Amino acid sequence: MVKVVSPDDGDVFGSLVLCGEDCNWDPVVFDMLIKAYVKANMIEQGFGTFRRSVEVGFVPSVVACNCLLNGLVKLRCVDRCWEVYEEMGRIGIHPNAYTFNMLINVLCKDKDVDKVNEFIEKMEEEGFDPDVVTYNTLINSYCRKGRLGDAFYLYKIMYRRGALPDLFSYTALMNGLCKEGKVREAHQLFHRMVHRGLSPDTMSYNTLICGYCKEGKMKESRSLLYEMIGNGVRPDSFTCRVVVEGYGNESKLLSALNLLSELERFEIPISPDIYEYLVVKLCEENRPFAAKSLLERISHYGYVPDIDVYNELILSLCKCNYVAGALALKAEMVNKNIKPNIVTYRALIDCLCKINKSVEGEYVMKEMVKFGVPPDTAICKALINGYCKEMDINRAESLLGFFAREFQIFDTESYNALVKVLSENADVTTLMELQDRMQKELELQGKMPCVPYLDDLGFCSI
DNA sequence: CTAGGGTTAG
């Protein structure tokens, strides 16, 4: 398509007016300009063109006004919609059914139902009957507000008014029913719709499938999905997501994976988001290896996990104490130029310390420092507790000093853990010497000395 | 002789 306008254009309107002095032109160009601006998402310029056309004395067509309205609605500029509508009245442009339907849609998004009905009365006075779009807009609005009774009332009078319900009408009503947990009734309505000769499309299938999924009725969802494929209606990304998440909520991840393989056999494209959802979900359900193999499978399609997905995997591997796999993934991240963050390192260090590999934990901590990610209190706790558990009191003490000096981390809990191990394995003198050394460390940092730690341990009676 | 175009959904 040829680009008619772009954001760095100058004064197109002005140029057109100047042009008009030299050659034969039709003011229809202003209509086209308005439409071009709306299409290019330059609504301000579209609005400006509308204004200036009116000033110059040219009356834009109703279709141009509708274009502008449509653009304004999409950007939720409600007030400006009414400005356009008033201006139309002032200069004698007659609104048509499109205009009214768009404005009714604007009113429906508000809470005030009376306003809508008033407006419709006015519209009828001007000689326009509500058409199928009008009814659908109203039905949809009632359904969204949970007013199913009103919605079905309109559905019934549509026949009498000669506006036959279409796919939009049925889909809106089914959606309303599903929201109230009445998915069986929605399905009956679906049957009635088919019986009346309408062919369900992706949207109507999706609505029903979504309703079943929300209620955890995955068998029904699945058979509808097959039904839709059988009828030549292609599932889209919404269908896939809704069904996979439906299985996910029921913790039936294997079923979800099987279904996706089936869909792939039908050459239905699966969005990476859906696979990513499953990878994360498998991690959450403590199945990091399944998650990892899924990740490898989709990597062949060019999917590249981001740091959050990597962290989920690493967290899950660590939670199951598969620290070697977690470290390997961290290395993979670094290779792919994805910088591990505090979450990554916290998980790894925590896990290493838990399985009595605190020396390795400290090594990882040094690496994060080298990469410019400062450790936090949780990492301090993990390492000190780890060393204490492994009875490596000297390393614990020197690390405590390191965290204080380099990162201003003064963690009472870690200190107490150290004191506790010492109290169980050394004499009071050694303990007092430790406290002296730590107090000096704190004074060096300009911190007040300090907290009767020994109290906590029942040594206080000294 | 005529030019181009607008509305509702999960």
Side-chain angles (χ1 to χ4, degrees), chain A residues 1-2 4 23-39 46 49-50 60-74 81 84-85 88 93-109 116 119-120 123 128-145 151 154-155 158 163-179 183 186 189-190 193 198 200-214 221 224-225 228 233-243 245-246:
Chain A
M1 200 191 84
V2 180
V4 182
C23 58
N24 260 345
W25 57 280
D26 192 312
V28 78
V29 292
F30 298 137
D31 275 7
M32 294 165 85
L33 187 58
I34 291 174
K35 196 203 160 199
Y37 277 133
V38 171
K39 264 218 169 117
T49 304
F50 174 75
S61 72
V62 63
V63 179
C65 297
N66 289 342
C67 272
L68 192 55
L69 276 175
N70 189 22
L72 291 168
V73 171
K74 297 235 156 88
C81 285
V84 171
Y85 176 63
M88 286 171 74
I93 305 167
H94 290 294
N96 63 16
Y98 289 83
T99 324
F100 285 125
N101 284 335
M102 280 187 279
L103 291 171
I104 286 168
N105 191 29
V106 167
L107 287 172
C108 280
K109 282 176 185 157
V116 185
F119 189 75
I120 291 172
M123 164 179 162
F128 285 97
D129 281 337
D131 62 9
V132 62
V133 176
T134 323
Y135 281 109
N136 288 344
T137 305
L138 294 169
I139 287 174
N140 194 36
S141 159
Y142 278 133
C143 284
R144 272 203 297 244
K145 293 177 175 130
L154 286 178
Y155 163 68
M158 283 177 85
L164 284 183
D166 62 5
L167 282 172
F168 279 82
S169 333
Y170 282 101
T171 303
L173 289 167
M174 288 194 299
N175 191 31
L177 287 168
C178 288
K179 276 203 179 132
V183 64
L189 191 63
F190 180 88
M193 171 183 96
L198 290 169
D201 61 355
T202 304
M203 199 69 108
S204 35
Y205 272 114
N206 282 355
T207 303
L208 206 46
I209 289 173
C210 181
Y212 276 120
C213 286
K214 269 198 209 133
S221 296
L224 267 170
L225 181 58
M228 97 188 258
V233 180
R234 277 179 83 74
D236 62 5
S237 63
F238 184 91
T239 330
C240 298
R241 205 188 77 216
V242 124
V243 178
E245 286 184 8

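Chain naming here is simple, since letters A, B, ... match the order of the sequence lines and numbering starts at 1 in each. Not measured: the values here are computed from a predicted model.
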d([atom1], [X]; [atom2], [N]) in whole Å:
X	N	atom1	atom2	answer
A/R144	B/dA9	CZ	C1'	8 Å
A/F119	B/dT7	CZ	C1'	13 Å
A/M102	B/dA9	CE	C1'	17 Å
A/M123	B/dT7	CE	P	16 Å
A/M88	B/dT7	CE	C1'	13 Å
A/L33	B/dG4	CG	C1'	13 Å
A/L103	B/dT8	CG	P	12 Å
A/L138	B/dA9	CG	P	12 Å

Worksheet item: Between the main-chain N or O of A/T239 and the side-chain N or O of A/D236, is there a donor-acceptor pair closer than 3.5 Å?
Response: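 Here the side-chain-to-backbone pair exists.
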Out of [options], which nucleotide sits closest to the side chain of [X]?
X	options	result
A/N101	B/dA9, B/dG4, B/dT7	B/dT7
A/N105	B/dT7, B/dT8, B/dG4	B/dT8
A/T171	B/dA9, B/dG4, B/dT8	B/dA9
A/M32	B/dA9, B/dG4, B/dT8	B/dG4
A/Y98	B/dA9, B/dT7, B/dT8	B/dT7

Discussion item. Can you tell me if A/N70 touches the phosphate of B/dT7, counting only side-chain N or O atoms and a distance under 4.0 Å to OP1 or OP2?
Written reply: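 Yes, such a contact exists.
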Worksheet entry | Identified side-chain contact (heavy atoms from CB on, under 4.5 Å) counterpart of A/M158 within the set A/L164, A/V132, A/T134, A/D166 |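 With A/M158 as partner, side-chain contact (heavy atoms from CB on, under 4.5 Å) holds for just one option, A/V132.
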Fill in: ring-ring contact (aromatic ring centres under 6.0 Å, His included) against A/Y212, all qualifying residues, sequence neighbours excluded
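Per chain and number, A/Y212 pairs via ring-ring contact (aromatic ring centres under 6.0 Å, His included) with A/H187.
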Practice prompt. Not counting sequence neighbours, which residues clear side chain to side chain donor-acceptor pair (under 3.5 Å) with A/D31? List them please.
Written response: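 With neighbours one apart ignored, the set is A/S61.
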Item to complete: Output yes if the stacking criterion (under 5.5 Å between centres, under 30° between planes) is met for A/F168 over the base of B/dT8, else no.
Response: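 Whether judged by distance or by angle, A/F168 passes, so it stacks on the base of B/dT8.
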Discussion item. Ignoring hydrogens, what is the shortest heavy-atom contact between A/A172 and A/I139? Give both atom names and the distance.
Written reply: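 That would be CB-CG2, 4.0 Å.
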Discussion item. Heavy atoms only, 4.0 Å cut-off, all strands: where does A/D166 land among base, sugar-phosphate and nothing?
Written reply: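 No contact at all - A/D166 keeps every heavy atom at 4.0 Å or more from the nucleic acid.
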